[in-house]
2 protein chains.
Amino acid sequence: MAPLDMKTADPELMRAINRFHVMDAIRRFGPISRVEISDRTQLSATTVSAITAALLDDALIMTHQLGGIRDAAARGRPRVMLELNPAAAHVVGVKLALDQITVATTNFSADVLSSLVLPIRLHRQPVSVIADLVEDGIRRSVADAGLTMEQVSGVCVGLPGVVERIAGVCRASPIFGERDVPFAAELTARLGGVVATIDTDVNLVTLAEHWFGQARGLDDFLVISVELGLGLGILHNGELFRGANGLSPDLGDLMVRAPDGSGAVRLASAASEASMVAEAQEILAGSEHEHAFRLGRGIDKILELAAAGEPRILALLDRAGGALGFAIANLITLFAPPKVILAGAALEAGEALVGPIRRTVTELLPASLADVSEIVVHHWRDDIWARGAAAMTLRDLYGAPWNTTGPVVHR
Amino acid sequence: MAPLDMKTADPELMRAINRFHVMDAIRRFGPISRVEISDRTQLSATTVSAITAALLDDALIMTHQLGGIRDAAARGRPRVMLELNPAAAHVVGVKLALDQITVATTNFSADVLSSLVLPIRLHRQPVSVIADLVEDGIRRSVADAGLTMEQVSGVCVGLPGVVERIAGVCRASPIFGERDVPFAAELTARLGGVVATIDTDVNLVTLAEHWFGQARGLDDFLVISVELGLGLGILHNGELFRGANGLSPDLGDLMVRAPDGSGAVRLASAASEASMVAEAQEILAGSEHEHAFRLGRGIDKILELAAAGEPRILALLDRAGGALGFAIANLITLFAPPKVILAGAALEAGEALVGPIRRTVTELLPASLADVSEIVVHHWRDDIWARGAAAMTLRDLYGAPWNTTGPVVHR
DNA sequence: TACGTTTAATAAACAATGCGGATTAAATCT
DNA sequence: AGATTTAATCCGCATTGTTTATTAAACGTA
């Protein structure tokens, strides 16, 4: 074994750690004054002053001019409020799904400046074709935002499947026909100097939930997305959880009891949108509804029939919910997260799907963990992925120095 | 939310981090010279010199007098070898199982100085009775080692179930009738100044495997123990994995498909020693073997019959292996560990149990993870638990400063 | 308007740390 | 005995965070 892999400490690391804490406080609570940063971080006022001076110098933060609302009874020298400088950097977030590409450009505060959707079926396209499409989308979104590529600090691509972020390699994904696709390198090569990284789509939204969403400030929670495929994001101890080597797990690969009790099946084939649509298509073969599934949005038809109370569809959703509940119960047993966030078009079915999930989780969870987790449904706006991608890239820009999880830079 | 919870950096933390790295290098590779520490840790020779001087001053390490074996062609000033000072501290490790208490006293190098086994059925004894028994065992083991309680730096107790180490509370365990037992406090109160901590029994052995055993230097692996109950230990990114709030998960609480395909069952009721014995007893009711199960060591009878090729026992082991394989496949999907270590009396059945485990894992694992994990069986000596408890306590003594995971001290 | 009070932010002095280069220590080689 | 080689330490320097003192910028009051 080579040198011990943990980082040793020197003054530079010390500064990096404290700079991160200051940045994090400004991001989370800004506009915020130096005194309050000092309070929250437990750093001395002097240190905060020195660090903020450097950050102002680098134009990463700026003073909030529109004087803060001073308490009427305020005395003494007023606090100068500090906040992120939105113009300090711009990043592009991309989400690849089986049926579309979403691209958005954001500023340093993760505000979306421009976004676009390319409704293209990517299924089994060659990697180079997909990379070309993504490149075009990025360049167009950047132009729409009134920026040039030189002003873009980073690009982050989220996609379903098994992703090794550090290496920039997609080990397996429904998007690609091949295995072990070095998509980060592929894309970076096309962008002329702008570094692209990749991650699981759900990891992006998990980070977005942590920074902006329902789990703000919560250090442990799960995100489960039910789209064409299934996604799992885990925030554990304030950090995105990844398996060994930074390999993000794929929820669809988890095994569950078969809904009909006949053994084990992949969760993806029991509870993903794709599997539900296929099953519904089979159930309704020959009926008046059959043709609706030809149009590609079979899930909408399922929701419609569920709302109408069609019993076979309700039974289908019940089985899917049972399978999801099984997997979620096991995840709660392992991670004990206070919150589990569900999202995805299928969740629009409401109690028809969520009910069985909750019921199964309650049924299968041991008594000692009965009350640790709250299961909530969150309806995402389209841009949450982009904000997550932005957060991921911003984290790299001023990221936590104690994690060696930064991605490899391909040039 | 109060102050940001991550530690801020100051010179003291810097020194603590580097001191840890030096200690860790000495522990892992000692006897080791200062230059080699410098090489391995990437710290400058000056810094290593300063830190080792302080450690020598505190008598935590000592110079290795029996001059190292110098290469015949060696030139220059000889290296002075450094190693842990075994007498620097002593700790006591305790393991509670349903049928016995094991106690061992070790020195600073985790060598076992004395150990004893109390074959007592703890099942549903009052907490105070168990604490009394443990106290007696500890005092006797310490005396056997020729030490006084004043010389003991810490006590660590491992037990099955759901344990919240930081709080020192056992949330649920087959050992205790009650829930939420503050056993660390209970025991510390009896030991007059010596601090006791608790943890999952498997976590202790996981740390022992990491420090001394088959997984030395491996940063990611799983440990699965099949005893009367089931245990799961996870080393992830070089750290013991715990759920939110430091809650260690219980393998027995994981749900698996029922072996007969009729739904879901707790793994504990499908593959633990207890469940296998109960099932075997039922299968063999009325046969010549029935009375063997009255003697308490039913697992031995199972192994004997498996070796003899008794088909119903082989089928039983096959079902249990299938259930374990199901759970292990899901764990591999989540954690992607390069190694999975199995242990426990039931594993003596050899291929009759391990075969089905391997087969099921191979069958259920997705192709992208087919080759990441090696499954091995490790036969533990009785003292491995004690060494793990020692390692756990030593880690607290000179522990990783960046983890806020130290246990609460009750007095 | 002048001056005191209050609070925020910075400056100066100090202590701890790690590092690079020079120096000393301890062995072998010639 | 002196040169050579390698290990370990000493010295001076740069960086950092903290404490204490000082300045800055507001308001209140006479």
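Bear in mind the structure is a predicted one, so any value in this text is a computation, not a measurement. Reminder, nothing fancy here: chain letters follow the sequence lines and each chain counts from 1. Note that these values count all heavy atoms, side chains included, but never hydrogens, waters or copies made by symmetry.
- Remark: the B:N203 side chain and the B:S248 side chain contain an N/O donor-acceptor pair separated by less than 3.5 Å.
- The side chain of A:M14 approaches D:dT16 more closely than any other nucleotide in the set D:dT16, C:dG18, D:dA8.
- B:H64 and B:E83 are linked by a side-chain donor-acceptor pair at a separation below 3.5 angstrom, with hydrogens and angles left out of the test.
- Of the possible donor and acceptor atoms, none in the side chain of B:S33 sits under 3.5 Å from a partner among the backbone N and O of B:R79.
- If you take CD1 of A:I37 and P of C:dT7, they are 20 Å apart, rounded to a whole angstrom.
- Straight-line distance from the CD atom of A:E36 to the C1' atom of C:dA9: 16 Å, rounded to whole Å.
- For B:R28 and B:W211, the positive end is not near the middle of the six-membered ring at less than 6.0 Å and at most 45° from its axis.
- Rounded to whole Å, the distance from CD1 on A:I32 to P on C:dA9 is 11 Å.
- B:V48 comes within contact range of no nucleotide atom at all, as no heavy-atom separation falls under 4.0 Å.
- Applying the 6.0 Å contact sphere to CD of A:E12 captures no more than 12 heavy atoms from other residues, nucleotides or ligands.
- Between B:F221 and B:H236, the distance from one ring center to the other does not fall under 6.0 angstrom.
- The CZ atom of A:R75 sits 15 Å away from the P atom of C:dG4 (whole-angstrom rounding).
- Residue B:S44 has no polar side-chain atom (N or O) positioned under 4.0 Å from OP1 or OP2 of C:dG18.
- Between the CD atom of B:E12 and the P atom of D:dT19 there is a distance of 12 Å, rounded to whole Å.
- Comparing D:dT16, D:dA7, C:dA9 by their closest approach to the side chain of B:R79 singles out D:dA7.
- The CG atom of B:N18 sits 17 Å away from the P atom of C:dA16 (whole-angstrom rounding).
- A:A9 comes within contact range of the sugar-phosphate backbone alone, with a heavy-atom separation under 4.0 Å but no base atom that close.
- B:N107 places a side-chain N or O within donor-acceptor distance of the main-chain N or O of B:S109, the cut-off being under 3.5 Å.
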Please, what dot-bracket string fits DNA chain C when only Watson-Crick and G-U pairs with both distances under 3.5 Å count, crossing ones use [ ] and pairs to another strand use |? ||||||||||||||||||||||||||||||
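- Take the nearest nucleotide of DNA chain C for B:R15 and for A:R34: the residue whose nucleotide is more 5' is A:R34.
- We find that NE2 of B:H21 is positioned 15 Å from C1' of C:dG18, with the value rounded to whole Å.
- Counting distance only, with no hydrogens placed and no angle test, the side-chain atoms of A:T46 and the base atoms of C:dA9 include no donor-acceptor pair under 3.5 Å.
- With D:dT18, D:dA8, C:dA8 as the choices, the nucleotide that has an atom nearest any side-chain atom of B:V35 turns out to be D:dA8.
- Remark: C1' of D:dA8 and CG of B:L56 are 13 Å apart, rounded to the nearest angstrom.
- Not a single donor-acceptor pair, N or O on each side, falls under 3.5 Å between the base of C:dA27 and the side chain of B:R77.
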